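Because the structure is a prediction, the values reported are computed rather than measured. Each chain gets a letter, A, B and so on, in the order its sequence line appears, and its residues count up from 1.
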Amino acid sequence: MKKIVQFYIDGFKEMTLGRTLWVIILIKFFILFFVLKLFFFPNYLKKNFNTDKERSANVIENFTKSK
Amino acid sequence: MNEIVDLSMLDWSRGQFALTAFYHWLFVPLTLGITFILAIMETIYYKTGDPEWKKITRFWMKVFGINFAIGVATGIILEFQFGTNWSYYSWFVGDIFGAPLAIEGIMAFFMESTFIAVMFFGWDKVSKRFHLVSTWLTAIGANLSALWILVANAWMQNPVGMQFNPDTARNEMVNFWDVFLSPMAINKFLHTISSGFVLAGIFIIGISAWFLLKKREVPFAKKSILVAAIFGFISSLFLVTTGDGSARLVAQNQPMKLAAMEGLYQGKNGAGLVAFGIFSPTHTDPANDQLHEFLFKIEIPNALSYMIHLDANAFVPGVKDLLNGNEKEGMLTAADKISRGKMAIETLRNYKNALTEGRKEEALQMRDKFMSKDFQANYFKYFGYGFIKNSNELIPGIQLVFYSFHMMVILGSWFLIFFILSIYLIVNDDITKRRLFLKIAILTVPLVYLAQMAGWTVAEMGRQPWVVQDLLPTVAAVSNINAGAVMVTFWLFALIFTLLLIAEIKIMTKQIKIGPNEGGH
């Protein structure tokens, strides 16, 4: 286990171009998960309804409305 | 349904999905293909012990690393949109999509992250054999992780192995293997990954051609071209075969898409295959102004019938047969399908009302009726048609689909010729002197990306108006959210993806200019 951890530590330490790429990955993850997902992409049905029963009812209501 | 959906929001949601899917797909196919080319190159190094092959492998591994790092997680955004913009769709397909996407997530995380780390960090630290195994497993893992989302996509094109539950409004998987091993899923997976292999082959030949034009790294470039061209040639043959299979499956399950791909308005026995055609911008079919007539076309007689049915005189339906029906061929009219879809929706509504109002016995009877084999086969099968107001809504954008399809096929044919020429020039000739070919090789790189986008345009625009074939149109799948919010995120994505693309191109071109002799991982 120690060897595996050391393998990763050495790998990260020896990175050159990889460091730049990791910075890009981390910035991207931050924007995706802490900005976009949190503020712009709530789950519509989870946000507006508390239970699966209510969600099902809403979906059926929408599917069968004005027919 | 149409009255209560804000159509501008629908358009923005569709536009946003298309934008993110296209950008995401700029990164994916190179990963799918280049990992296998890397594995082949490293295998040659393992077998021969020639350090030149190690240098070659490490250089292309660096290129792969850049593409992987920039592209990783761009697909997550599509899943965000499922929950927000397409919540009714997500709910409707939830159980079918849940399993494949969960497997994809776990597989991608464990296989790719573990073996990619060994691939990049493990040179001279783990045994040559273990390193090679890790490279192969990275390639297999990357491609298998694409499998699950493609299985999900194939299910949308041909929904099988499920049962709609009228209590939850969800489709429930009743047979995993029917979903996983449906011919549409297998063919889609093989066609998509082989297109990625072709792209990677052309990408490597294009970059290597640049080195040869600059008179740099000649042995490196020639060896890279040799491997990429042979790999690309074999993949191209596979691509043609799976493309043929794909057309046959489209004919069976999505005949309107096939009619759009071929610009076939009136079905016929012995239908010809349009090799090339241009639509008139003004002249339309007198019976339907959505159907533009051909200004010019080159048609191979009977070829479409033969391609689809292996019978040169077989009947292939056109747009009009699919709208107006064809008694002789046993085809329902669109109006009949719409009426059956409305019946399915009405039965669902009556069942819901009976339940809500406490009419338990009546509700039970309605549920039994809804779930009966006869009702499922003759009414629920057309559930989505119940949302259609006008049968012309069933026609996809014919010109877009037709031109995209023909562009894909023409470019695909060129790629096959290109690989043959590459092999010939590298084996029998001095490719370094063929400067025109080297320039064409560089120009072919953007063309292979264009072909990829054209292929997805055919697949996704060709199945409009359906998000789930015959069961759910896009208009019923979209959430009741504000169009303004979708517009904001559309432009945010456009900005983020453009920045990522600029970063990819800048970092990659810098590393390519540095060449294979320097630079770390």
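- Of the two parts of A:K28, only the side chain, counted from C-beta on, holds a non-hydrogen atom closer than 4.5 Å to a non-hydrogen atom of chain B.
- For A:F29, the part sitting under 4.5 Å from any heavy atom of chain B is the side chain, from C-beta outward, and nothing else.
- Of the options B:F92, B:W91, B:Y89, a ring pair (Phe, Tyr, Trp, His ring centres under 6.0 Å) to A:F63 is made by B:F92 and by none of the others.
- The part of B:T489 that comes within reach of chain A is its side chain, from C-beta onward, which places non-hydrogen atoms under 4.5 angstrom from that chain.
- The residue among A:F40, A:F33, A:F7 with the most heavy atom pairs within less than 4.5 Å of chain B is A:F7.
- For the pair A:E14 and B:K125, the salt-bridge criterion is met [side-chain N within less than 4.0 Å of a carboxylate O].
- Most heavy-atom pairs under 4.5 Å with chain B: of the set A:D52, A:I31, A:V35, this distinction falls to A:D52.
- Rounding to the nearest 0.5 Å places CZ of B:F164 at 5.0 Å from CZ of B:F370.
- Summarising the geometry, atom NZ belonging to B:K62 is positioned 15.0 Å from atom CG belonging to B:N67; distances are rounded to the nearest 0.5 Å.
- Neither the backbone nor the side chain of B:A485 comes within contact range of chain A, judged by heavy atoms closer than 4.5 Å.
- A:Q6 and A:D10 are linked by a side-chain donor-acceptor pair at a separation below 3.5 angstrom, with hydrogens and angles left out of the test.
- Contacts between A:L32 and chain B at a heavy-atom distance below 4.5 Å involve backbone atoms as well as side-chain atoms.
- For the set B:I70, B:I76, B:I77, the entry with the most heavy-atom pairs within less than 4.5 Å of chain A is B:I70.
- Heavy atoms of B:V486 lying under 4.5 Å from chain A are absent altogether.
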B:Y23 vs B:T498, side chain to side chain donor-acceptor pair (under 3.5 Å): CA-CA, chis, key distance, verdict: CA-CA 8 Å; B:Y23 263 115; B:T498 306; 2.9 Å; yes
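- Only the side chain of B:L472 comes within contact range of chain A, with at least one heavy atom under 4.5 Å from a heavy atom of that chain.
- A side-chain donor-acceptor contact under 3.5 Å links B:Y351 and B:D167.
- The shortest non-hydrogen separation linking B:V126 to B:F130 is CB-CD2, 3.7 Å.
- Most heavy-atom pairs under 4.5 Å with chain A, from the set B:F82, B:F80, B:F383: that is B:F80.
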